[in-house]
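Data block below; observations after.
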Amino acid sequence: MSDALLGTRALRSLLGDWKGGGGPLYQALFDRIRLLVLDGRIPANTRLPAERELANALDVSRTLVSSAYRELREGGYTISIRGSGSVTRVPGRASLAVDSGGGFLDFTKAVMPASPGIALATQQSMDDFGRYLQGPGYNFEGIPELRDAVAARYAARGLATTRDQVLVTTGAQSAIALLSRVLLGRGDRALVELPSYPHAYEALALAGARLVPVNVTAGEGWDTSALEQLMRRTNPAVGYLMPDFHNPTGESMSVELRERTIDQAVRAGTTLLVDETSGELDIDRTEDFLPFAAYATPGDEHSVVTIGSVGKTIWDGLRVGWIRAEPGLIRTLAAARPASDLGTPVLEQLIVTRMLADMPEILGVRREQLRTGRDRVLQLVSERFPSWNAPRVAGGLASWVGLGSPVSSQLALAARAEGLLITAGPRFGLDGALERFLRIPLGYPTAQLEQGMDALDRAWQTIMRNPDSGAQAYGDVA
Ligand SMILES: Cc1ncc(COP(=O)(O)O)c(C=O)c1O
C-alpha cells in the first residue's frame, strides 16, 4: 500500500494546543499524535513529517520531536521505513475504533444494544431463506420484499414511495460511499455540517470532494445565513445533512429551514444527501416531522436523496441500510455498485423485512431506553461536572457536551488510562477545532453509563490537578 504524506501544516493544525497536559513536552507531543492515530484522524500508513521540519514548524527542538517519534515507534504507532521516515500503524494491542476488548468500556460508538426481536425474526426468516437458496444470491438493488417493506415504511410515515425508488445497501455507510462515488467528481464541492459524522467526511473526501463546512451548534442549530451563502457561492455538487437529531449535536431543522434548504439546493444544482439513520429516535421532541424528502415540492424531488439504516434502531450488526431516490438514480447506483460490493446478504435482508413491520413498537422501546440514558447522563453531568454544559437533546443517540475549555483530546487520553474509550471532539470536525466538546453517548445501559461517567470523573480530576493543563491555562473552568 502506498503511504499518504501528512504535511507539516496539516499536522500542526491537527495537533492544536498539544502542549497542555503537563509532564515533559515530548510526552505531550507523543500523546497527542498517538490519540490522532488511535481515533483515525491520522489514518494508518500515513507518512509523518520529517523530524527537523516538524521541530521548525512547532518551534521546539529536534531532540524533542525525536523523542516523541521514538515513543511512537516503541508503542507500535509508527514504523520506520528507510527513505520514508515514520509511517503510522494501528497498534494491535491498543486499537481504539476497531475493538472494544481488552477491558475497555467503549463509548466511541453512539449505538444501542440489539433489539430483542432479532432472534425470533431470524428463526422465522429461515423459511423464507429456503426459497432464495434455489437461485443466485446476488441482488444489486436488494431483495424485492425488503425494497417493498422500506417503501411501505416511508409511506406509513407520510412519504409515498415505490419499490423502484429504493436500493438496499450494506448499512448506511456503504450508501454514503456509493452516493459519493457516483455523484462527485474530483474537486467538486460537498457542503457538510460541522461537526458531523466523521466517516461521511472520509467517504466524501475519498471521492475527491472539497468539503465546505457549515456550523451546527447545540442549542442553536444551523448557521442559516452561512448555509444560504455557501450554497449560493460555492454551488456544491452535494450537501450531506442530518436534519433530524443531527449527530453529534442532537439538533433538528424547523419545517421552514427544511423547505428553504431544498429551495436553495434546487437553485444551486445541489443534490442533498439526507442522512436519516437516527431520524426516528425521538425521545420527546415537541414537533412531528415528515421524512425530509416530503418537503420537496413536486418537480424538485430529484434534489433530495435519503439515506436510511436499521443500524441505530434495530442493530448495527445487521449491516442493512438503503437509499431512497428517483428511479433513474437508483438504476445508476445499482449499475455502479458492483465495483465496490455485489449486494447485501440475503438472510439479513429477510430479517429486516420482518422487523420493519414492527418499527412502531421497536421505536417505542428505543424511546424509553434513550430517555433513561439521557436523563441519567444529564443528572451525572450536573452532579459531577458543574462547569460542563450538557444540552438536553429531544432525541438521537448522543449529547454534545461543552467542556468549558479546549481539553477534549487531553480528557480522552486521560479517560483511556481509566479504561474508557471515548472520541475527542475534534474527530467530529475538520481542522483540529472542537476541542471544547465531547460526545457522550446516551444509548448504553445505565450501569455502563455510570461506569463510563465514573471513568470520566477520574480522568477530569487528573487533568484538573495538573497545573499545566490547557483547562487552567485558559482559565475558564468554573
Ligand atoms: C450519521 C450516521 N450515518 C451513518 C452511519 C453508519 O450507519 P450504518 O451502521 O448503517 O452503516 C452512522 C453510524 O454511526 C451515523 O452515525
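One-based numbering, in listed order, for ligands and for the atoms of each.
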How far is atom 12 (C) of ligand 1 from the closest protein heavy atom, and which atom is that?
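The answer is Y197 CZ, 3.4 Å.
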For atom 16 (O) of ligand 1, find the nearest protein heavy atom and state the residue, atom name and distance (0.1 Å precision).
N247 ND2, 3.0 Å
Can you say whether the rings of F437 and W400 are parallel (under 30°), tilted (30 to 60°) or perpendicular (over 60°)?
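Because their plane-to-plane angle is under 30°, the rings of F437 and W400 count as parallel.
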Which label fits Y138 and F140: parallel for a plane angle under 30°, tilted from 30 to 60°, or perpendicular past 60°?
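Geometry flag for F140 against Y138: tilted rings.
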Using ring centroids (six-membered ring only for Trp), state whether Y197 and H199 fall under 6.0 Å.
yes
What atoms of ligand 1 come within less than 4.0 Å of a heavy atom belonging to [X]?
X	answer
G171	10 (O), 11 (O)
D275	1 (C), 2 (C), 3 (N), 4 (C)
Q173	6 (C), 8 (P), 11 (O)

Given that the side chain starts at C-beta and the backbone is N, CA, C, O, which of these parts of M242 lies under 4.0 Å from ligand 1, counting heavy atoms, or is it both or neither?
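M242 to ligand 1: side-chain contact only, backbone stays beyond 4.0 Å.
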Under the 6.0 Å and 45° cation-pi test, does R258 pair with F289?
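Yes, R258 sits over the ring of F289.
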Could you tell me if R324 sits above the aromatic ring of Y154, with its cationic atom closer than 6.0 Å to the ring centre and no more than 45 degrees from the axis?
yes
Ignoring angles and geometry beyond distance, decide whether [X] reaches within less than 3.5 Å of ligand 1 through its nitrogen or oxygen atoms.
X	result
A172	yes
R319	yes
D316	no

Check whether more than 12 heavy atoms from other residues, nucleotides or ligands sit under 6.0 Å from atom CH2 of W388, and answer yes or no.
yes
Does K312 reach ligand 1, in the sense of a heavy atom lying below 4.0 Å from it?
yes
Taking the side chain as every heavy atom from C-beta outward, state whether M112 and K312 have any atom pair closer than 4.5 Å.
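Sidechains of K312 and M112: no contact.
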